[in-house]
Amino acid sequence: MFKVKSRDKETRARTGTLETAHGEIPTPIFMPVGTAGTVKGILQRDLTEDINAKIILGNTYHLYLRPGTGILKASGGLHKFMNWSRPLLTDSGGYQVFSLAGNRKLTEEGAVFKSHIDGSRHVFTPENTIDIQRIIGADIMMALDECAPFPCDHRYAEKSVALTHQWLDRAVSRYKETEPLWNYEQLLFPIVQGSTFDDLRKISAEKAASINMAGNAIGGLSVGEPADEMYRIIDIVNEILPDDKPRYLMGVGTPVNILEAIERGIDMFDCVMPTRNGRNGMLFTSEGIINIKNRRWIDDFSPIDPSGPSVVSLYYSKAYLRHLVISGEILGSQIASIHNLSFYLRLVSEARVKIEEGNFKRWKEQMIIKLSERL
RNA sequence: UCCUCAGUAGCUCAGUUGGUUAGAGCAACGGACUGUUAAUCCGUGGGUCGUAAGUUCGAGUCUUACCUGGGGAG
């Protein structure tokens, strides 16, 4: 159940709450990515207490291959398995089918793919990805889709959308004819596709809206297209997606991307950027974006981020974090990830406050400038 | 003192029977990363080949002397 709390007067931005079986999620929200049942390098305790993540992702593809549905079922679902009591969302594996391009084949039935772990053959269908997500016990499940590559021609995109829609119908049927395994409600979100083609995006948004699920997702963006293209598509799609349901922009993005999308009416985000880029030395701070590996930080003993999105941001210096990352120390990855995730969570939290205060637009314009700066 | 092995990039080392602008890994420096196949990947700089002489059309490669280091003998 989604409730809109307040709306920005100048833009499509809004705040709200999404109720799930494991708790209420304030929106707009950023969801840390925890592919294999872990947000890489971060303890669940830090996730709840320091970062204050309201919901995290898991991935059907990865969890299905390892540890496998047997263990997930025996453990009582992913929440229990990983000791996470807040909401979970699982991606259907559609994106993996896309990113494993060389190793898969799409058929009407589903996606045939080879495991990146041992090369074994598997098939994902709209039906079995629902079944797997039932076993995982995700509060929000995603329908299997095809994430078309960019660039792709209209013909390919049209066929891809048709396949995604056919799969969507089947996923919805399976969803409706099955019960949750763990005695709590699981939501299912459809995914809008259509590459950068306005007509296909409109058709796809209408399709998603028509099946009347608890929320809707936009996929197939930030796959290489220019940011302006992405913003344009978001505008087109959000014009059509129901306003009283949450809109989830999958896989996005940079802090700037997120603010631009919030302005356009997006409520939910996920992205590997704060964790992966953090591990690789990229820090998002109130002072700008920094590459902590650069020599210039070698003797900068000021806090990682004096504005302190997390305790580690204030507790450790840039010079120390540089030393850790340069030395390949695990703690470096952890600190960078905790800081970046906290930065992202605080960014959306501030956005919520600004929307409610009625000065989102002005705040956003100022933030964009700061967030684009590279030090 | 003699014998022997070795000296090539900051480090550890490749470099065919002599044959073009001497390579690698690591380190350094910079970059990429957007529903994670990523503690990953890409790029750049850096060498009087221990020194000096010789042989040769041509020497990191062969010869001689010396210097430095390892091992051995006395």
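Chain letters run A, B, ... following the sequence lines, proteins first and then strands; every chain starts at 1. Given the structure is predicted, the values throughout are model-derived calculations rather than measurements.
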Q.
Between Lys361(A) and Glu365(A), does any NZ, NE, NH1 or NH2 come within less than 4.0 Å of an OD or OE carboxylate oxygen?
A. yes
(Q) With a 4.0 Å cut-off on N to O distance, would you call Asp118(A) and Arg66(A) a salt bridge? (A) no
Taking any heavy-atom pair under 4.0 Å as a contact, classify [X]: base, sugar-phosphate, or nothing.
X: Asn294(A); answer: sugar-phosphate
X: Ser115(A); answer: nothing
X: Ile218(A); answer: nothing
X: Leu57(A); answer: sugar-phosphate
X: Arg295(A); answer: sugar-phosphate
X: Glu225(A); answer: nothing
X: Gly94(A); answer: nothing

(Q) Please report the interatomic distance OG(Ser115(A)) to NE2(His62(A)), rounded to the nearest 0.5 Å. (A) 10.0 Å
Reckon [X] has a side-chain N or O less than 4.0 Å from the OP1 or OP2 of [N]?
X: Asn59(A); N: rU37(B); answer: no
X: Arg374(A); N: rA32(B); answer: yes
X: Asn280(A); N: rA38(B); answer: no
X: Thr35(A); N: rU36(B); answer: yes
X: Arg279(A); N: rC41(B); answer: no

(Q) Could you tell me if Asn257(A) and Tyr231(A) have a donor-acceptor pair between their side chains, going purely by distance under 3.5 Å? (A) yes
Q: For rU8(B) versus rG50(B), give the span between their C1' atoms, rounded off to a whole number of Å.
A: 10 Å
